> 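Following this message is one structure expressed as structure tokens.
All figures in this text were calculated on a predicted structure; none of them were measured in a lab. All residue numbers in this chain count up from 1 along the given sequence.
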Amino acid sequence: DVLTDGKFVDEYVFRGRRGQRVRFSLDSSDFDAWLTVQGPGGVERMNDDAVGLNSRIDLVLPADGDYRVLATLVGQGGMGAYAVSAATAPPDRPPTPLAVGSTVNGRLDVADPMIDWRTADAYVFRGRQGDRIRASLESSDFDPYLIIRGPDGFEQTNDDAGGGRNSMIEVVLPKTGEYLVIARAFSSGTGAYVVRVVVPETPGRSAPDLADQKKEGEFSPSAGDRIE
């Protein structure tokens, strides 16, 4: 089949049940995969590059019925072999507690749950309004992308502020409550990483230098002078 924009597309049908958790996958070594799932009630999800150039969609089905699974590619004129599948999606995992001042070594894996259509790990810490914290995400296996979410829709994101491809966010917390730290790749990727949440150091104040404090009426003390 050919779409109206000139791209080739193959269509499949998946019959599902309301509440069923499904991971739809499209993998190819011949082209950049683009996956679309459409279902009852106008539901539509699309994904590109969840894992390398391959596509993943995790979906809790909203209704019983048939779901269209469209396998296509990014751009025009490409073709080649691919594998499309539907399997039980990994269960949601509660975020891992992360104490301020601690460091965690983690790993992104293709079997991990997805957050915002990307393989990701989530951590949570409790902060107080006015606290200044610094969060960082470092990896030599993928391009890190760091997200912090908090009360009342608060969100900060960063890519590449931590030196090289690493990510860093320094922020004054706007409210007391729980804050979510999401570790993922900028586009796609898996592998080992290090995530930290710390209180940034405040530079110390040095004592004033007497030599720099000479003003009218002051004197320069010499040996034997008594200073009250």
> N166 and E138: which non-hydrogen atoms are nearest, and at how many Å?
OD1-CA, 3.1 Å
> If you round to the nearest 0.5 Å, how far is OG1 of T72 from CD of E11?
12.0 Å
> Excluding sequence neighbours, so at least two apart, what forms ring-ring contact (aromatic ring centres under 6.0 Å, His included) with F14?
F24
> Return the minimal non-hydrogen interatomic distance between S139 and P144, and the atom names on each side.
N-CG, 3.7 Å
> Just jot down the side chain to side chain contact (heavy atoms under 4.5 Å, CB included) partners of Q156, sequence neighbours excluded, or say none.
F154, I169, V171
> Clusters formed by hydrophobic residues whose side-chain heavy atoms approach within less than 4.5 Å: which one holds M114, and what are its other members?
none
> I need the minimum non-hydrogen distance between G177 and P151, along with the two atoms involved.
CA-CG, 4.2 Å
> Find the distance between CG (D141) and OG1 (T190) and round it off to the nearest 0.5 Å.
7.5 Å
> Can you tell me how far apart CG (L146) and OG1 (T157) are? Round to the nearest 0.5 Å.
8.5 Å
> Of all residues at least two apart in sequence or in a different chain, which pass the side chain to side chain contact (heavy atoms under 4.5 Å, CB included) check with R149?
I115, D116, I147, E155, L180, I182
> Taking only residues at least two apart or on different chains, which pairs with a member in residues 98-108 satisfy side chain to side chain donor-acceptor pair (under 3.5 Å)?
T103-R196
> Does R126 form a side chain to side chain contact (heavy atoms under 4.5 Å, CB included) with V100? I'd like the steps, not just the answer.
CA-CA 8 Å; R126 185 163 185 84; V100 175; over 6 Å; no
> Apply side chain to side chain contact (heavy atoms under 4.5 Å, CB included) to L53 and list each qualifying residue two or more places apart in sequence or on a separate chain.
D32, D49
> State which residues pass salt bridge (charged side-chain N to carboxylate O under 4.0 Å, His left out) with R118; sequence neighbours excluded, sorted by chain then number.
none
> With a 4.0 Å cut-off on N to O distance, would you call R23 and D58 a salt bridge?
yes
> Give the minimum heavy-atom separation between R56 and D27, together with the two atoms involved.
NH1-OD1, 2.9 Å
> I'd like to check V22 versus Y67 (side-chain heavy atoms, cut-off strictly below 4.5 Å). Are they in contact?
no
> With sequence neighbours left out, which residue pairs that include part of residues 118-141 fulfil the ring pair (Phe, Tyr, Trp, His ring centres under 6.0 Å) condition?
F125-Y179
> Could you give the distance from CG (D160) to CG (D143), rounded to the nearest 0.5 Å?
5.0 Å
> Please test V181 against V197 for side chain to side chain contact (heavy atoms under 4.5 Å, CB included), starting from the C-alpha separation and ending with a verdict.
CA-CA 9 Å; V181 178; V197 175; 4.2 Å; yes
> Partners of F186 by ring-ring contact (aromatic ring centres under 6.0 Å, His included), sequence neighbours excluded?
Y145
> Let me confirm one number: the OG1-CZ distance from T36 to R45, rounded to the nearest 0.5 Å.
12.0 Å
> Applying a strict under-4.5 Å side-chain criterion to I, L, V, M, F, W and Y, I'd like to know whether V43 and L35 cluster together.
yes
> Starting from Y12, can I reach I57 by hopping between I/L/V/M/F/W/Y residues whose side chains sit under 4.5 Å apart?
yes
> Can you get from V199 to L137 by hopping between Ile, Leu, Val, Met, Phe, Trp and Tyr side chains that sit under 4.5 Å apart?
yes
> Can you find a pair of side-chain heavy atoms, one from V104 and one from T96, that are under 4.5 Å apart?
no
> Which pair of non-hydrogen atoms, one from A120 and one from R184, has the smallest distance, and what is that distance?
CB-CB, 3.8 Å
> Could you grab the distance from atom OG of S55 to atom CG of L73, nearest 0.5 Å is fine?
10.0 Å
> For L108 and D121, run side chain to side chain contact (heavy atoms under 4.5 Å, CB included): C-alpha distance rounded to whole Å, both residues' side-chain angles, the deciding distance at 0.1 Å, then the answer.
CA-CA 7 Å; L108 292 181; D121 287 340; 3.8 Å; yes
> For V194, what are the other residues in its hydrophobic cluster, where any two members join if their side-chain heavy atoms are less than 4.5 angstrom apart?
none
> State plainly whether the residues D66 and R15 are in salt-bridge range, i.e. N to O under 4.0 Å.
yes
> Restricting to side chain to side chain contact (heavy atoms under 4.5 Å, CB included), what partner residues turn up for A185, sequence neighbours left out?
F142
> Linking I/L/V/M/F/W/Y whenever their side-chain heavy atoms sit closer than 4.5 Å, directly or via other members, would Y193 and V198 fall into one cluster?
no
> Tracing side-chain links under 4.5 Å among I, L, V, M, F, W and Y, which residues wind up in one group with V60?
none
